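Shown next, in structure tokens, is the structure this report addresses.
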There are 2 protein chains.
Amino acid sequence: MASIKDVAIKAEVSTATVSHVINGTRYVADKTKEKVYAAMKDLDYSPNMVARSLRSRKSNTIGLLVPLLAEDTSNFFFMSIANGIEQVLKENGYNLVLSNSNENADMEKDQIKVFNRQHIDGLVIAPVNGKEHRYEDQFNGEYPVVFIDRRPQGYKGDTILVNNRQGTKEAVEVLLNKGHEKIGFITGTLGITTSDERLEGYKESLAQHHIAFNKSYIKEGPATFQKGYQLAEELHKEGVTALFVANNVMTMGSVSYLQANDVKVPDQMAIIGYDDYDWMKIASPPLSVVRQPAFEMGKAAVEQLLKRIHGDTEGTNEVMLNSELVIRGSC
Amino acid sequence: MASIKDVAIKAEVSTATVSHVINGTRYVADKTKEKVYAAMKDLDYSPNMVARSLRSRKSNTIGLLVPLLAEDTSNFFFMSIANGIEQVLKENGYNLVLSNSNENADMEKDQIKVFNRQHIDGLVIAPVNGKEHRYEDQFNGEYPVVFIDRRPQGYKGDTILVNNRQGTKEAVEVLLNKGHEKIGFITGTLGITTSDERLEGYKESLAQHHIAFNKSYIKEGPATFQKGYQLAEELHKEGVTALFVANNVMTMGSVSYLQANDVKVPDQMAIIGYDDYDWMKIASPPLSVVRQPAFEMGKAAVEQLLKRIHGDTEGTNEVMLNSELVIRGSC
DNA sequence: CTGAAAGCGCTAACAG
DNA sequence: CTGTTAGCGCTTTCAG
């Protein structure tokens, strides 16, 4: 592997000149440039990014830490985010180091430590669920951080969220406007911000329509297919006429229940799910859902990060993206 | 950020000793070790990986290059692979740099160039579709490479593939055994290895059952939902009684057609799709599919890569993983 | 059992 | 308009 020194010798200039030609950091005579380019080509030179990083304390790399669970469909959501991030990053000459906390706080800490010594230029993190991790103490302060999708309690800093409350509220509103009064709400474990916000939206919508809140219509449990199936069954038996399911895995389970028991949608039971996947289009009937702008979240996160990297230090930026209600045939 | 020098001073030893304590690379008296550990703790020292990489020419980072297309469901497949890779990598103290070629040969070349100057320790690549890229010329030879999912024509080197031919053959066999003789085959554009292999499996199965191959039952097109819908329609009108759809996006389109037109599955039309997604369980009827072991492919790729990194230079290793036929209600 | 010191490849003062 | 040179933080030979 040719080094900058080799190029300098071949081009009969100094390494400084070569460096400046590469980086355009000072004026170099055209003729000299030519020589340098020729030498670089001859030697098939390409700069050693590691050395560059060491010297310039900049790696052109940003980290992404996501909480993926094996076999969880919600992974698709984070992967869309990753995709959005990678895309914007590439356009800006940055690389993406991907890491997974497995939705586990200890692993997350470990991964942050890894990033701390890795000299990343920034970090996008979708934090694990859970109350209190003193994130402020975990970062070494040498790179900006943007939180995404979930905001840890009490964390103040750049955050890209999606409007869970509003998204849910609108969806439930549609159900209410169709005349439903007994609306079941199926959610993954409560106590995590996204779930709680969605529940809030549900309550708010009900309140606005002066429908009494019935606690027994709220069904909570681990976000699994089976649980979704089971909770849909319970609600069905309790006589609800509409279902709002606050995550995609449980949506699938719920649909499965309705199908298996020949419950006619939307006549006997209306349903609105969360997250938009292609298969929802071919469900029968096609499923109405609250669609989260995953790709856009990734983009927004990187854009914010790049601003910070480029020296913006103003306040903190909290972006709240709107989700979109996609009405199909299931309600 | 404390450096090794700071630690050395604080512990009143040389930097060499600190380094050896950290890496366990030579004997150090227990007493000295204590001092070093204490100093490290005091200073909250953590080694600078960039400097370490520069010096030791090893980054503990491997690259992954996948061909994702925006909005393509098959992304899930590659993301599962990425997940498997990340997991094994983490267990071994490696990091993952993720990159996307967007199924575009030029972008792929660019990304390889980026990796070349990044000092990665290895690369896993799911190459873009297409005939001839002289991959051998693109890699700088300083890191081992493992190809995954697709083998470029004429490439010799470590490869992790899935047995497309066998997977398809078995699936078609099931259809044949149920008495179907007119079996439609819907595929993405032919000419790419995975599609071609699946078609081969189809033909082989037919041949073994002495069913004449009917070219008009083979429908090819870009792997989109719409095209899947359309081709299913064409085949239906040509009177086939069973459908084998060789990729998941088109499977979705085909199912959509059958549903929209009230074609009873499996009575009026049996169908087997490709790739296993959760939604297939709740299709009505649940879809039978050929399941590819994505996560396992990722694992296998990294394991092979790590072998190479650790000095194994023997021959080339071609792993062919079996896909699994998942029979549900659609055939 | 430990230290001194060279040097990985690059950037960026400083000096002309 | 260009060159000299001091490091970035670490590993590793060589020398004791």
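Given the structure is predicted, the values throughout are model-derived calculations rather than measurements. Below, chains carry the letters A, B, ... as their sequence lines are ordered, and counting in each starts from 1. Computed over heavy atoms, backbone and side chain alike; hydrogens, waters and symmetry mates excluded.
- When rounded to the nearest whole Å, the span between CZ of Arg26(A) and C1' of dA13(C) equals 10 Å.
- Counting only distance, with no hydrogens or angles, the side chain of Glu108(B) and the backbone of Val128(B) share a donor-acceptor pair below 3.5 Å.
- Nucleic acid contact for Ser53(B): none, since no nucleic acid atom lies under 4.0 Å from a heavy atom of the residue.
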Original post:
Can Ile22(B) and Arg52(B) be said to form a side-chain contact (heavy atoms from CB on, under 4.5 Å), step by step?
Top reply: CA-CA 12 Å; Ile22(B) 293 169; Arg52(B) 181 178 283 179; 3.6 Å; yes
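- The environment of CD in Glu314(A) is sparse: at most 12 heavy-atom neighbours from other residues, nucleotides or ligands sit within 6.0 Å.
- Taking the side chain as every heavy atom from C-beta outward, Val66(B) and Met79(B) never approach each other to under 4.5 Å.
- In this structure, Ser14(B) reaches the dG3(C) phosphate: one of its side-chain N or O atoms is under 4.0 Å from OP1 or OP2.
- Nearest-nucleotide assignment on DNA chain C puts the 5′-proximal partner with Glu12(B), out of Glu12(B) and His119(B).
- Between Arg117(B) and dG9(C), a side-chain N or O to OP1/OP2 separation shorter than 4.0 Å is absent.
- Within the nucleic acid shown, Thr25(B) has no heavy atom closer than 4.0 Å to any nucleic acid atom.
- Residues Pro47(A) and Tyr45(A) form a side-chain contact, since some pair of their non-hydrogen atoms from C-beta on lies under 4.5 Å apart.
- Look at CZ on Arg55(A): it is 15 Å from C1' on dG7(C), rounded to the nearest Å.
- Among the atoms of the strands shown, base atoms are found under 4.0 Å from some heavy atom of Ser19(B).
- If you measure from atom NZ of Lys58(B) to atom C1' of dG9(C), you get 19 Å, rounded to the nearest angstrom.
- Contact annotation: Ser56(A) side-chain N/O to dT11(C) OP1/OP2 distance is not under 4.0 Å.
- Between Ile120(B) and Ile62(B) there is no side-chain heavy-atom pair separated by less than 4.5 Å.
- Residue-level contact check: Val50(B) touches neither bases nor backbone, having no heavy atom under 4.0 Å from any strand.
- Using a 4.0 Å cut-off between charged nitrogen and carboxylate oxygen, Glu86(A) and Lys90(A) count as a salt-bridge pair.
- Residue-environment remark: NZ (Lys58(B)) exceeds the threshold of 12 foreign heavy atoms within 6.0 Å.
- Side-chain N/O atoms of Thr17(B) include one lying less than 4.0 angstrom from OP1 or OP2 on dG3(C).
- In the 5' to 3' direction, nucleotides of DNA chain D lying under 4.0 Å from heavy atoms of chain B begin and end at dG9(D) to dC14(D).
- Judged by distance alone, with hydrogens and angles left aside, the side-chain atoms of Asn100(B) form a donor-acceptor pair with the main-chain N or O of Leu68(B) at under 3.5 Å.
- Remark on DNA chain C: of its neighbouring residues Ala29(B) and Ser46(A), the 5'-side contact belongs to Ala29(B), judged by nearest-heavy-atom nucleotide.
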Subject >> Step-by-step side-chain contact (heavy atoms from CB on, under 4.5 Å) determination, Gln304(A) to Val319(A) >> reply: CA-CA 9 Å; Gln304(A) 178 57 31; Val319(A) 177; 5.7 Å; no
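- Asn48(A) places its CG atom 18 Å from the P atom of dG7(C), with the value rounded to the nearest Å.
- As rounded to whole Å, 17 Å separates atom P of dA6(C) from atom CG of Leu54(B).
- Taken over five-pair windows at either terminus, the axes of the helix from dC1(C)-dG16(D) to dG16(C)-dC1(D) are inclined to one another by 40° (rounded to 10 degrees).
- To the nearest angstrom, P of dC10(C) lies 14 Å from NE2 of His20(A).
- Computed from coordinates, the Met40(A) CE to dG9(C) C1' distance equals 15 Å when rounded to whole Å.
- As rounded to whole Å, 9 Å separates atom C1' of dC10(C) from atom CG of Asn23(A).
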